[in-house]
Amino acid sequence: MLLRRFASGLVSSRKSNSAVISRSDLFQGLRCTRWTSHANSSTQVQPVPVVEADIVLVRDFIYSALYDENQGYFSARSSAVGELPTPINFNALEGKRAYTQYIDNLYKRGDSSWFTPVELFQPYYGYALAEFILRTHSSSNPLIIYEIGGGTGTCARNILDYMKAHAPRTLYETMSYKSVEISGELAKKQYQKVTKGDENRKQFSVERRNASDRSGWGAAKKESCFVIMLEVLDNLPHDLVHRETSRSPWMEKWVLERTDGEVPGLPVEISKPLQDDLIIRCLEAMKGDPAQSRSVTRTLKNMVVKLLNASELLWIPTGCLKLLETLHSARPNMTLIASDFSLLPDVRLAGEGAPLVSSKKGGVNKDHATYLEAKGHTDIFFPTDFSVLQKLDHLCSAANGNTKTSRRSSIVNSAQFMDLFADTGKTLTRDGYNPLLEDFSNTKFYISTPAGGFKSDVGTQSTGSHSI
């Protein structure tokens, strides 16, 4: 079963490069005149005067649409992140049909737009993460865990419960679990859930901030730690670039929003010559090293584009790059555990790596053909190219003074990870169907650790390996 989406992360790139521009600024440097057809002539067009507008990079528009404190999707709809009233008894379900019906009923009964895998498969999904951490953690160091975009707190609660039951007593008592959460409402939910019954108060804390903001991390610490990001990458802001031919220079997209209250309508995209430093760094990382392995499909596509000299439209993960730069600067010896969607079906937007834009009203999901109407009521989420993620991770490590070989990483399907570390018998239905292993076929795990970070009984792997 290929799932559209069951999860969301809550971290974004720092908002920047916003400006208020005048009419003269618009017409002097930007190809951004809006045109409208007159009814008496299908060919005659007239420019719409622009008096004053906000112009922001696409990533900043997406950031505002998702995370603005007053109008952002995750501020206005914190209930979009589903929370189960009780864990699912998988052993009592007959099979795949019963499981699917159970999930459908969950969506019909509430206003939630999705349930994260860690929520649906609780506590066993979180237990698997805890088991991986126990097997890879060096007992000579204090256990320190950061979770970015922790949703309703289910992952943290399950991991801490597992540690309390299975880890050495001193390890649990001295461990630290810090949630970095941008949403105020979700931060409250997390703390209430994790410390319910007066438990885990010594170990758990929530810091409400943007994880991509370097200042929030304080001084760099070279301590060993784990950073967990479950379905975070899909909601990180992206930028949009294009070029007319494979030989043309790249152009970056900006979004123009009217601020004078006249001429109502959606914001519009405009193009500017490539100049943003973060976009340039990200694009160079993605395109600048042809020796890096790529999928056969992507390689063939690039060959066709060059042969036909066709135009290109590319969504690039600048929010991911910014977050990784921050993490490698602040916690260079982290072990990164990230899980997300490698593929999203039913995407209506154009461009390689385009997001799925979706809203829910009256229990009915609606997909949108543009991200420009996403303000407060619409989710924007992207597929993750895990080969690009791996490349960005290693480059950020190297940029922080480490060599490219100083980290070891692995990309595995979620089923592979769970088969290794989860008690899969707990999620088995009566006819043998196991949704923990057979559902979410479009999700993967990315594990990255300093060289030598894995304990010998777990094994190590070279960059690009697909096994743990």
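In this chain, numbering begins with 1 at the start of the sequence shown.
Classified by interplanar angle (parallel below 30°, tilted 30° to 60°, perpendicular above 60°), the ring pair F121/Y125 is parallel. Ring geometry for F226 against F132 counts as perpendicular: the plane angle is over 60°, on a 0 to 90° scale with 30° as the lower cut.
At a cut-off of 3.5 Å, with distance as the only test, no side-chain donor of E181 or Y191 sits close to an acceptor on the other residue. A donor and an acceptor atom, one from each side chain of S179 and E147, are nowhere located under 3.5 Å apart. Side-chain N/O atoms of T326 and R214 include no donor and acceptor closer than 3.5 Å. No hydrogens or angles considered: nothing links the side chains of S342 and N442 as a donor-acceptor pair under 3.5 Å. A side-chain donor from one of H368 and E373 sits under 3.5 Å from a side-chain acceptor of the other.
Take R348 and apply the salt bridge (Lys or Arg N to Asp or Glu O under 4.0 Å) test, not counting sequence neighbours, and it matches no residue. With sequence neighbours excluded, the residues satisfying ring-ring contact (aromatic ring centres under 6.0 Å, His included) with H238 are F382. The side chain to side chain contact (heavy atoms under 4.5 Å, CB included) check on K202 picks up nothing, with sequence neighbours excluded.
Taking the six-membered ring for Trp, Y146 and Y177 have ring centres at least 6.0 Å apart. You'll find the ring centres of F386 and Y446 outside the 6.0 Å limit. Centroid-to-centroid, the aromatic rings of F381 and F341 stay 6.0 Å apart or farther.
Look at D439 and K96 and you find no salt bridge, because none of the NZ, NE, NH1 or NH2 atoms lies under 4.0 Å from a carboxylate O. A salt bridge is defined here as a Lys NZ or Arg NE, NH1 or NH2 lying under 4.0 Å from an Asp or Glu carboxylate O, and K193 with E83 meets this definition. A salt bridge links R157 with E199: the closest approach of a Lys/Arg side-chain nitrogen to an acidic carboxylate oxygen falls below 4.0 angstrom. Salt bridge R169/E173: present, at least one basic N to carboxylate O contact under 4.0 Å. Contact check on R281 versus E325 returns a salt bridge, with a Lys/Arg side-chain nitrogen under 4.0 Å from an Asp/Glu carboxylate oxygen.
When all heavy atoms of V58 and W315 are compared, the closest pair comes out as CG1-CZ3, 3.9 Å. Taking every heavy atom of both residues into account, T429 and P435 meet most closely at CG2-CD, 4.2 Å.
At least one side-chain heavy atom of L323 sits under 4.5 Å from a side-chain heavy atom of M229. With contacts defined as side-chain heavy-atom distances shorter than 4.5 Å, the pair D340/K444 does not qualify.
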